[in-house]
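Please read the structure below before turning to the comments.
Keep in mind that this is a model prediction, so the values were computed, not measured.
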Amino acid sequence: LVNPTVNYSPSEITYRNKPSISVITSRGCPQHCKFCDMSTHGHTLRIHSPEYTVKLLLWLEKKWGYRDFYITDDQGTAHPRFLDGLCDELEKCGRGGGYENGGYNLSVIGRVHPIFPDQLKRLAKNGGHQIAFGIESASPAILNFFDKRTDPEKIRNGVRIAHDAG
């Protein structure tokens with residue numbers, strides 16, 4: 001395999017430490033936003049297990065020294081069981097507690113609704129430091145037009161919950 005640390009540099013807003021790499025732990029999205037092309041991955045969500053995901057992170061660390069990961073799933077924060085399982089697995093293998101404690105930095109992509117405060121707090125304790133929300137607009141008319149199935153109040157609430165989680 002070619003060493004990705006040589007030719008790959010992620011966006012500077014997604015990482016805290018180099019080397020850093022993007023990781024995909026799921027495919028598909030059950031949403032039906034009008035602007036999104038789901039012809040490749042479809043609307044059926046398929047998620048790797050937390051066990052597999054942590055094995056992948058450990059392998060990337062061992063093989064190339066990665067400890068900073070950008071989890072680029074469309075629905076990264078929408079599944080509390082996955083987030084709990086991910087934190088459980090990180091803690092089991094000694095990678096919980098965040099980068100400064102020998103663990104990882106984790107950035108994720110998420111939706112503002114649904115959002116799960118307890119899981120976000122746990123993720124923050126285990127290295128989660130950034131959520132990139134898909135907030136395309138604060139205009140109810142535009143959100144409705146694109147079938148985002150959210151509204152400005154849910155957006156404010158989701159951002160507040162994420163902020164309060166750490």
Hydrophobic cluster identity match, [X] and [Y], side-chain contacts under 4.5 Å:
{"X": "Tyr70", "Y": "Leu60", "result": "no"}
{"X": "Leu56", "Y": "Ile47", "result": "yes"}
{"X": "Val23", "Y": "Tyr66", "result": "yes"}
{"X": "Ile155", "Y": "Ile109", "result": "no"}
{"X": "Leu106", "Y": "Trp59", "result": "yes"}

### Query
Is there side-chain contact between Leu58 and Cys93, with heavy atoms separated by less than 4.5 Å?
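Yes. Closest side-chain heavy atoms under 4.5 Å.
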#### Entry: 4.5 Å side-chain heavy-atom contact, Leu123 and Ile131
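Leu123 vs Ile131: side chains apart.
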[X]: which residues meet the side chain to side chain donor-acceptor pair (under 3.5 Å) condition with it, sequence neighbours left out?
{"X": "Asn126", "result": "Glu91"}
{"X": "Asp118", "result": "none"}
{"X": "Ser22", "result": "Tyr8"}
{"X": "Thr53", "result": "none"}

### Query
Within the side chain of Ser26, is there an N or O that forms a donor-acceptor pair under 3.5 Å with the backbone of Asp73?
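Checking the backbone N and O of Asp73 against the side chain of Ser26, no donor-acceptor pair under 3.5 Å is found.
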### Task
Output yes when a side-chain donor or acceptor of Arg111 lies under 3.5 Å from a complementary backbone atom of Gly134, and no otherwise.
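Answer holds: no.
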Could I get the full list of side chain to side chain contact (heavy atoms under 4.5 Å, CB included) partners for [X], not counting sequence neighbours?
{"X": "Asp151", "answer": "Glu153, Lys154"}
{"X": "Pro152", "answer": "Pro140, Leu143, Arg156"}
{"X": "Ala138", "answer": "none"}

### Task
Enumerate the residue pairs fulfilling salt bridge (Lys or Arg N to Asp or Glu O under 4.0 Å) with a member in residues 48-61, sequence neighbours excluded, ordered by first and then second residue.
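Non-adjacent pairs meeting salt bridge (Lys or Arg N to Asp or Glu O under 4.0 Å): Glu61-Arg95.
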### Task
With sequence neighbours excluded, give me every salt bridge (Lys or Arg N to Asp or Glu O under 4.0 Å) pair touching residues 76-87.
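Every salt bridge (Lys or Arg N to Asp or Glu O under 4.0 Å) pair that includes a residue of residues 76-87, provided the two are not neighbours, is Asp84-Arg122.
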Roughly how far, to the nearest 0.5 Å, is [atom2] of [Y] from [atom1] of [X]?
{"X": "Cys87", "Y": "Lys125", "atom1": "SG", "atom2": "NZ", "answer": "10.0 Å"}
{"X": "Ile142", "Y": "Lys148", "atom1": "CD1", "atom2": "NZ", "answer": "12.5 Å"}
{"X": "Tyr52", "Y": "Leu86", "atom1": "OH", "atom2": "CG", "answer": "14.0 Å"}
{"X": "Ile21", "Y": "Ile71", "atom1": "CD1", "atom2": "CD1", "answer": "12.5 Å"}

Quick one: side chains of residues 157-166, donor-acceptor pairs under 3.5 Å with protein atoms, not counting sequence neighbours, listed by atom name and distance.
from: Asn157; atom 1: OD1; to: Arg160; atom 2: NH2; distance (Å): 2.3

### Query
Tell me, which pairs form a ring-ring contact (aromatic ring centres under 6.0 Å, His included) where one or both residues lie in residues 84-131, sequence neighbours left out?
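Residue pairs passing ring-ring contact (aromatic ring centres under 6.0 Å, His included), neighbours aside: Phe69-Tyr104.
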### Nonpolar side-chain network containing Ile24, other nodes, edges under 4.5 Å
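Listed partners: none, Ile24 stands alone.
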### Query
Which atom names give the shortest non-hydrogen contact between Pro19 and Gly65, and what distance separates them?
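Nearest heavy atoms, Pro19 then Gly65: CG-O, 3.7 Å.
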